[in-house]
Protein chains: 2
Amino acid sequence: MAEITAAPGRRARLRARTLDDLGLATRHLLVEEGVHAVTISAVAATVGMSAPALYRYVDNRDGLLKLASAAVARDLAATLLDARRRVPDDPLVQTLTLCRTFRSWALDHRREFGLLFADASVPSELRAGGQGEPAAEALAWAFEEIVLRLWAASRFRVPADEDLATPLRESLEPYRERLTASARAARLDLGEIPLGATYTLLHYWTRVYGLISMEISGHLDHALADAGPLFEALLTELEVQVTGP
Amino acid sequence: MAEITAAPGRRARLRARTLDDLGLATRHLLVEEGVHAVTISAVAATVGMSAPALYRYVDNRDGLLKLASAAVARDLAATLLDARRRVPDDPLVQTLTLCRTFRSWALDHRREFGLLFADASVPSELRAGGQGEPAAEALAWAFEEIVLRLWAASRFRVPADEDLATPLRESLEPYRERLTASARAARLDLGEIPLGATYTLLHYWTRVYGLISMEISGHLDHALADAGPLFEALLTELEVQVTGP
DNA sequence: CTAACACTGCTTACGGCGTTCACGAACTGT
DNA sequence: ACAGTTCGTGAACGCCGTAAGCAGTGTTAG
C-alpha cells in the first residue's frame, strides 16, 4: 500500500505536493518539539487532514520519519553542495569548507542531525539517497570524494604500506576497492589508491564525524563550552598533513 | 511518589530486591527486543505483577529506563575496574586495557551502550553516578584519570602552550581547572597540568570514544567489516606518543 | 496484644495513539 | 455520461501509560 506510482498528471502533482507537506509538517514538529511529538494525529492536524488519511501516503509512523529524513538529507546535501560552490575550486579549501559547513549545519539542526545519523529508534531503515543509500554513507562519500581529489592533486604524505600493521592492511583492502569503485563511478581517475591514503581518509573522517557527533550529543559538554577551537585544531592538522610541515 | 526512603528492615530489603528485579527485567527486554519493547506492561508481566503496581517503584516508564541505566552503568564500571585490576600497575598498560575493555564491552552490549550514551529518546535525564553524574562523564573521567596518571608518571611530550591557537588555549583553560579539581578530589597530585596535556587528553578521548560510538552505531560499516585494527592503530599512536618515537 | 498505620499489589477506568475498515466524494480517462 | 481509481472521513479495535480506589499484609506505638 501507499507509494503508488502514478502517471504524471495533475493528480500526481497534487499527491507529490501533499507528500511534501507531510514531510514538512513532520520536520516542523520534529524540530519544534522533538521526535516524540511526531505523531500521526499531530502531523495530520498540522496539514489539516484526519489521521487515517495519512495512510494513503505512508505505511506507518516511521514512514513519516522516512519522509522527513529524506527531505532533511536533501537539505543537507544542498547546503554542502552550495557551500562548496561558493568557494574556489581548490580541493583543500573545499575539504575544509565541507567540514566546517557540516559542523555548522549539525549545530543549527541538532534534531535533524539526530534523525539522520543518531537515532536508534528507527535504525538503518531510514534511507536517504535514491538507491537506498543511508544518509551517513552519502555524507561519508562526500568527504571521501573531495579528500581523494585532494590527494590526487597534491599527493600529500600518507603512511607507507609497511607502516600499517598487517590486520589493518587487510581490513583496509576491501575499503580501498570500494573507494576505487566509487571513484570510477564518479569519473575520478586516481590510478591505484595506496592503502595509506585510505587509512588517512578514514582517520580524518572518523575524527571529523566523531567530534561533531560528540559535540551534538553533548558528550563534550563536561570538558568544553565550545568545541569550535578543537574542531579548528583538527582542520589545521589536516591542512598540515596536506601542505607538509 | 515512589522512591520512599525507608528505614532498613526486612521490608526495605524486599523493596530493594523488587527494584533490582525491575531493573533486571527492563534490561532483559531492552537487550532482547530493543528499547521500544520496554513497556510498563511488558516489564510488569516479566516480574509477574500488574502494570499499575510498577508505579509503587518508579514514577513512569522513564523511571524503568533510569533503573536499568543505573544497573548498566554499575556493570560497565565494574567491568572496567575489574579489567584494570587484572593488569600490572602500569599507567600505560592500564590505559590501553581501559580502552580495549570499553570497546569490547560496547560491542558486547550494543543496546546497553545505546541506552547509556546514545539514545536521544531520554536525553540527559538518565543519570548514573550517585551525585547525578551522567554515565558518559563518569566514563570520561575514568579515562582522564588514568591518562593523567600516565602523564604524571612519564611526562610524555605534549604540545607547548604556544603551539596551541589562542581560542583553543582559552577554551581549554576551564577544562584544565576542572581536571585539576577532579584530580585533587581523587587525591592525585599532579602540580600544574599544562594545557597541552589537556589537549592531548581530549584528543585521544574524542578519538577513542568517537571511534567506538561510530562503530556501534554502524557508521563505519560502509568502510570496514571490523574496526578492530583501526582501533588498535589508534592505541598504537597513543603508545608512541607516550613512549616516544 | 492490638489498634493504627504504612506499604504493596490488584482491579477498574480514562484518554491518547497507531492502525484497519467500510463508506462516500471527487477526480480521471473514455 | 460512465466506470474506475484515488482521496478523505468517521467509527472502531487494541495497546499503552497512567490515575484512583480498594483490599490485604507487614510494621510499630501504646
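Lettering of chains follows the sequences in order, A, B, ..., and the numbering in each one begins at 1.
Here the C1' atom of nucleotide D:dG26 and the CG atom of B:Leu14 are 10 Å apart, to the nearest Å. Note: OH (B:Tyr55) to P (C:dC14) measures 17 Å, nearest angstrom. Residue B:Leu54 contributes atom CG, which lies 10 Å from atom P of D:dG17 at whole-angstrom precision. Taking atom CG on B:Asp59 and atom C1' on D:dG17, their separation rounds to 13 Å, with Å as the unit. A:Arg56 places its CZ atom 11 Å from the C1' atom of C:dG24, with the value rounded to the nearest Å. Taking atom NE2 of A:His36 as the reference point, atom C1' of C:dG18 lies 17 Å away to the nearest angstrom. Whole-Å rounding puts the B:Arg15 CZ to D:dG26 P distance at 17 Å. Taking atom CZ of residue B:Arg61 and atom C1' of nucleotide D:dA19, one finds them 19 Å apart after rounding to whole Å.
Comment: B:Asp226 engages B:Arg103 in a salt bridge, judged by a side-chain N to carboxylate O separation of less than 4.0 angstrom. Ion pairing of A:Arg111 with A:Glu32 is absent here, as no side-chain N (NZ or NE/NH1/NH2) approaches a carboxylate O to less than 4.0 Å. In this structure, A:Arg27 pairs ionically with A:Asp75, as a charged nitrogen and a carboxylate oxygen lie closer than 4.0 Å. In this structure, B:Arg85 pairs ionically with B:Asp82, as a charged nitrogen and a carboxylate oxygen lie closer than 4.0 Å.
The side chain of B:Tyr57 approaches C:dT8 more closely than any other nucleotide in the set D:dT9, C:dT8, C:dC17. The B:Ile40 side chain lies nearest to D:dT18 when the options are C:dG18, D:dT18, C:dT20. Of the candidates D:dG10, D:dA19, D:dG17, the closest approach to any side-chain atom of B:Thr39 belongs to D:dG17.
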_Please determine whether side-chain contact (heavy atoms from CB on, under 4.5 Å) holds for the pair A:Ile212 and A:Phe113, giving the CA-CA distance in whole Å, both sets of side-chain angles, and the decisive distance to 0.1 Å._
CA-CA 10 Å; A:Ile212 293 175; A:Phe113 179 90; 4.2 Å; yes
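With hydrogens and angles ignored, a donor-acceptor pair closer than 3.5 Å exists between the side chain of A:Arg11 and the base of D:dT6.
Not counting sequence neighbours, the partners of A:Glu170 by the side chain to side chain contact (heavy atoms under 4.5 Å, CB included) test are A:Thr166.
A heavy atom closer than 4.0 Å to some atom of DNA chain D occurs in no member of residues 43-51 of chain B.
Side-chain atoms of B:Phe102 and B:Thr97, non-hydrogen and from C-beta on, never get closer than 4.5 Å to each other.
For the OP1/OP2 pair of D:dG17 and a distance below 4.0 Å, the side-chain nitrogens and oxygens of B:Ser41 include at least one atom meeting the criterion.
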